[in-house]
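Have a look at the structure below, then the notes.
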Amino acid sequence: MTTVRYAPSPTGRLHLGNARPALINWLFAKARSGTYVLRLDDTDTARSTEEFARGIVADLDWLGIVPDLKVRQSDRTALYDHARDRLIAAGRLYPAFETEEELEIKRGRARLLGRPPVYDRAALTLTEAQKARYEAEGRQPHWRFRLDGKPVHFDDLIKGPQIVNTASMSDPVLIRADGSYLYTLPSVVDDIDLGITHVIRGEDHVSNTGTQIEIFEALGGAVPFFAHHNLLTGAEGEGLSKRIGSLSLLELREAGYEPMAVAIMAVLTGTSLPVEPYADLTSLGQALDLDAISHGPARFDPAELDSLNARILHQMPYDVAKPRLAAIGRASEPLWLALRGNLRRFSDIAELAQLIDGAVVPVVAAEDAAFLVLARDLLPPEPWDETTWSTWTTLVKEKSGRKGKELFMPLRLALTGRHDGPELRSLLPLLGRKASLARLS
Ligand code: GLU
């Protein structure tokens with residue numbers, strides 16, 4: 001049974017870059033009838049808010065993700081305390097009393113000596129008396145995980161075989177001096193407790209994985225599979241920041257983008273699959289394979305989002321559009337089919353529909369006036385359908401001797417008041433004979 005988790009910190013709204021792991025996990029789980037857990041990593045109480053937590057759920061919902069289970073780390077401290085005690089008893093978690101300034105001095109010294117600024121483990125050699133003295137001075141310890149020093153190997157489902165050399169890393173701090181947990185330990189404890197089978201996340205977490213695998217093993221938990229995907233960047237390769245909110249999902253939504261367009265861009269950018277419309281997340285999930293995710297950068301191109309959004313609308317079946325059309329009083333299949341090909345955003349439909357029954361001001365050049373009278377008099381009798389345009393214009397062509405642009409542009413300008421727009425073949429039957437007569441006159 002596949003179980004995945006998406007684990008954002010509720011310290012901002014989600015942006016496009018966050019949508020990538022959110023969706024890749026979702027598609028992976030749903031393609032395997034698995035379970036999707038939304039885990040809010042809210043141990044940083046100073047920056048996590050209830051409002052951001054609600055915002056994340058709303059952003060996921062907009063994308064079409066409805067988690068099977070929601071948990072938040074702030075509710076699960078007892079589990080972390082239990083794991084902490086076990087690691088202390090096993091000698092893998094040790095108290096350290098250095099202040100930030102003392103650590104900075106140590107790092108500076110290491111740099112001067114040309115050594116990597118790795119923590120020297122001085123705290124491991126403290127005697128009980130020294131520890132008692134620090135505590136008597138009012139120093140609270142922070143707690144470090146004692147790394148094994150052996151290279152950690154794992155087979156990444158995207159990046160292939162990986163080796164993390166924990167010998168060149170500082171023993172990571174798992175618990176701050178105020179007793180609060182950093183992300184690393186709670187994440188492993190939750191992954192064990194929730195039976196996570198696959199950890200799919202950004203490649204900025206590869207080196208954490210070395211530490212986390214050691215913690216899984218120290219706690220006797222089953223080590224899940226790991227898959228680290230490339231991170232979405234801006235066109236210049238710059239990172240997308242959640243806190244700055246660049247391209248937040250909320251902004252994209254308010255700008256009128258289709259959630260499927262955003263989802264497809266978030267998932268398929270930086271893969272070997274072409275960016276093209278998919279009807280829904282299920283079909284996108286069938287196409288996506290972790291192997292398709294490239295090892296190079298994933299550069300997001302806003303122009304590609306615009307064109308994908310338009311293509312999705314141009315192909316959108318009436319059934320799908322109907323409820324949204326009904327909401328603006330425009331639920332008509334012929335109208336949708338006539339106009340969808342000219343949409344950039346769904347909301348454009350309201351303005352385009354004005355071409356049919358709004359106050360269109362026909363544009364008539366002086367030299368076309370006689371031609372338009374001739375054309376008007378040749379309008380066929382109703383009923384009209386998609387063939388009417390060609391029947392009519394064939395006749396107008398014959399009688400007027402005009403062809404091509406000379407023939408079509410004056411008709412379009414008179415009928416719609418614009419140089420471009422929906423195909424007249426589809427628009428004409430919607431206009432009907434009466435309105436067409438009036439505009440040609
Ligand atoms: N809260 C972590 C993050 O947002 C989760 C990383 C993970 O998936 O383990 O980076």
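Just follow the structure's listing: the first ligand is 1, and inside any ligand the first atom is 1. For the single chain, residues carry numbers from 1 onward in sequence order.
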Contact atoms of ligand 1, heavy-atom distance to [X] under 4.0 Å:
X	answer
Ala7	1 (N), 2 (C), 3 (C), 4 (O), 5 (C)
Arg201	7 (C), 8 (O), 9 (O)
Ser9	1 (N)
Asp41	1 (N), 2 (C), 5 (C)

message: Below the 3.5 angstrom mark, is there an N/O of Pro8, backbone or side chain, next to an N/O of ligand 1?
response: no
- prompt: So is there a nitrogen or oxygen of Arg5 less than 3.5 Å from a nitrogen or oxygen in ligand 1?
  reply: yes
His82 and Asp85: side chain donor to acceptor below 3.5 Å: no
For the pair [X] and [Y], find out whether any cationic side-chain nitrogen is under 4.0 Å from an anionic carboxylate oxygen.
X	Y	result
Asp41	Arg39	yes
Glu100	Lys106	no
Arg139	Glu102	yes

- prompt: Evaluating non-hydrogen atoms only, which member of Tyr183, Phe226, Tyr6 is closest to atom 9 (O) of ligand 1?
  reply: Tyr183
message: Under the criterion ring-ring contact (aromatic ring centres under 6.0 Å, His included), I'd like the reasoning laid out for Tyr36 against Trp26: C-alpha separation, chi angles, the key distance, then a yes or no.
response: CA-CA 6 Å; Tyr36 183 96; Trp26 175 257; 5.2 Å; yes
query: With a distance cut-off below 6.0 Å to the six-membered ring centre and an angular limit of 45° from the axis, does Arg345 pair with Tyr257 as a cation-pi contact?
result: yes
